[in-house]
Structures are given as structure tokens and as C-alpha cells.
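Step one of this worksheet: look at the structure below.
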2 protein chains.
Amino acid sequence: MKNNEYKHCGLNVALTILSGKWKPMILYYISHTPEMRFTELWRIIPKITKKVLLDQLKQLEADGLILRQEKSGFPPEVSYQISEKGHALSPVLSALEEWANVHVSEKVEQFEQESGTRRWRRNGR
Amino acid sequence: MKNNEYKHCGLNVALTILSGKWKPMILYYISHTPEMRFTELWRIIPKITKKVLLDQLKQLEADGLILRQEKSGFPPEVSYQISEKGHALSPVLSALEEWANVHVSEKVEQFEQESGTRRWRRNGR
DNA sequence: CAGTATCCGACCGGATACTG
DNA sequence: CAGTATCCGGTCGGATACTG
């Protein structure tokens, strides 16, 4: 094989975008609800801190996977929704999910139990 | 939406397995060659250190995506190949790649230029 | 309600040197 | 050739307190 045939940078980009401890979960909830408010999201995701939730929401928004909508007034009212790009990604994520369930089911079960002690992220932004 | 409907742990597992700065590239090269030797891999991946290459190879092997084969004798001769699981993953990775090229092409181009200064990983193992 | 502002510790990628 | 052994620094996730 010749050197440097690797040009699959898109894969790296996609994985980078998806990297963040809570991003898949955030994406899941946002894509399954027409309008998800910040506090609601914060309530249903166990143990996440507001700062981290904000961080990951900002990244997802910056990458164009979700949309942020702010209604003026007080108290503030912000809701998030899935974008076109984000929506286009979901079948791919389902495929990944499916692959894991078929090929590494032990790890999935194990993961379900730990659930919460898991750490992970990706650097680079 | 009711709470805790999120059960897509497989997605988390899959992303965790794929997380590592060089893993997609390693996977690419290994899956496109019948037998890839350690030093060869080290040569064609720019700038990776042996320690990091070993780390990521060990993780990929532990997760069952690649196989390690060691021939006895001296000097040592080790080669890596893609496994069944790893092979089953490649269409999904192509889909991810495709998504990125269609939906975040700017970032992909940008990434191609930086190429090398990029950092990322995922914790939790 | 939906954020900021700080501070902190863990972990991962990287550099360098050494070895069976 | 294919690894180990150390050490280091940056980054991200997390905790806590404060604010428009």
C-alpha cells in the first residue's frame, strides 16, 4: 500500500463532532421532542452540571446539529431543536447503535449498569 | 416525553470504542491491507509515537476490532489484521464519513489542512 | 430561567530513553 | 523489531457559587 492514502478526514470530523460525554444523549432527547427547554433537558439528564450541559449544547449548536431559539422576556425562555444536519445524522447513529448491540453486546450491558460513572470526551476544539 | 427513555447505550459504547486520536486512521490502514506490521504502520502514520500507537492498537484489539498475530523468532514479527467485528463496522464508518462530507464539508476541508495538529480522545477505560 | 465565573483533578496524547 | 518505562502538559468534565 502506498503511503498517505488515508483521506477519510470526514470520519475524523464526524467523530470529533460527536465526542462529548453527553452529546449522544442530548442529541437523542432533542431529536425526540419538538421543543426541549434548557432546564427540562437538565432535569432529565442525570447528574450533568449546567456548565457541562451548556458547553456541549454550544458545541452541538456551533457544529450545526441543533438549533437554539430564545424568546425575549423575563424569565428567559430558551428551547433547542434538532436541525436538518442533525436529523440527517440519526440513521447513521442508529446503525452504530445496531452494530454495538450485535457485536459488543457484553460491553453494552456492562455500560448500562455502570451508567453514570462513565467518562469520556474528545479534545480538540 | 417521559424521563429516562434513553437506552441507546450501544451508541455510547460504539463511540467510546472509536475514540482515540488515531484509531480511525489505524483502522483504515489495517482494514485495507491483509497484514500490517507494527513498524510499517508506524512509518505510514505521520508523527505518531510508538507508545501511542501501541496504546491504541491494544485498545482496538481489546475491543475486538483488530487481531494481533505474533510469529516466534528473533527479531520479533507482529502483524495486525482487521477482525470480523471490525469489518462489520466499516460500512457504518463510511456512512459517517459520507454524512460529514455532505453536511460539514467546510470542517472537513479545514481539517485536511490542519492535519496533524488535531487532538481528540475519549476517556473511560 | 438560563446562563457565567472559577477552580480543580483525572486522563490522554506526546516526548524521550531504554530493552528482550 | 516491537515493544516498556517515565515524566509531562493540555483539555475536558465536574463542583460550587454567583447573576441578568
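As a basis for the values below, the full set of heavy atoms in this structure was taken, side chains included, without hydrogen atoms, waters or symmetry mates. Below, chain A is the first sequence line, B the second, and so on; all start at residue 1.
OP1 or OP2 of D:dA15 has not a single side-chain nitrogen or oxygen of A:T49 nearer than 4.0 Å. Regarding contacts with the backbone of C:dG3, a side-chain N or O of A:Y80 is found under 4.0 angstrom from either OP1 or OP2. At least one side-chain nitrogen or oxygen of B:W22 sits closer than 4.0 Å to the OP1 or OP2 atom of C:dG14. A sub-4.0 Å separation between OP1 or OP2 of D:dA2 and a side-chain N or O of B:R37 is present. Between B:R43 and D:dC1 there is no side-chain polar atom (N or O) within less than 4.0 angstrom of OP1 or OP2.
Note: CG (B:L54) to P (D:dC1) measures 14 Å, nearest angstrom. A:E35 places its CD atom 12 Å from the P atom of C:dA2, with the value rounded to the nearest Å. If you take CD of B:E77 and P of D:dA2, they are 7 Å apart, rounded to a whole angstrom. Atom CD in A:E61 sits roughly 14 Å away from atom P in C:dA2 (whole-Å rounding). If you measure from atom CD of A:E70 to atom C1' of C:dC1, you get 11 Å, rounded to the nearest angstrom. Distance B:M36 CE to D:dA2 C1': 15 Å, rounded to the nearest Å. Nucleotide C:dG3 holds its P atom 13 Å from the CH2 atom of A:W42, rounded to whole Å. In this structure, the CZ atom of A:F74 is 11 Å from the C1' atom of C:dG3, given to the nearest Å.
Between A:D55 and B:F38, the residue anchored closer to the 5' end of DNA chain D is B:F38, taking for each the nucleotide with the nearest heavy atom. Checking A:P75 against A:K51, the closest nucleotide of DNA chain C that is more toward the 5' end is the one next to A:P75.
As judged by a 4.0 angstrom heavy-atom cut-off over every strand, A:K58 is placed among residues touching the sugar-phosphate backbone only. At a threshold of 4.0 angstrom between heavy atoms, the contacts of A:V78 are confined to the sugar-phosphate backbone, with no base atom among them.
With hydrogens and angles left out, the side chain of B:K50 and the base of D:dG3 share a donor-acceptor pair within 3.5 Å.
For A:K23 and A:Q59, the side-chain atoms include at least one donor-acceptor pair closer than 3.5 Å.
A donor-acceptor pair under 3.5 Å is absent between the side-chain atoms of A:W99 and the main chain of B:S90, judged by distance alone. Side chain of B:E61 to backbone of B:L67: no donor-acceptor contact under 3.5 angstrom is found. A donor-acceptor pair is defined here as one N or O able to donate and one able to accept, closer than 3.5 Å; such a pair exists between the side chain of A:W42 and the backbone of A:I48.
The distance from the CD1 atom of B:I44 to the CE atom of B:M25 is 9.5 Å, given to the nearest 0.5 Å.
Across all strands shown, C:dC18 forms a Watson-Crick or G-U wobble pair, both distances under 3.5 Å, with D:dG3. Nucleotide D:dT11 is matched to C:dA10 when pairs are restricted to Watson-Crick or G-U wobble geometry with both distances under 3.5 angstrom.
Looking at the side chain of B:T39, the nearest of the listed nucleotides D:dG13, C:dG3, D:dC1 is D:dC1.
Ring geometry, A:Y6 versus B:Y28: the interplanar angle exceeds 60°, so the pair is classed perpendicular (tilted spans 30 to 60°).
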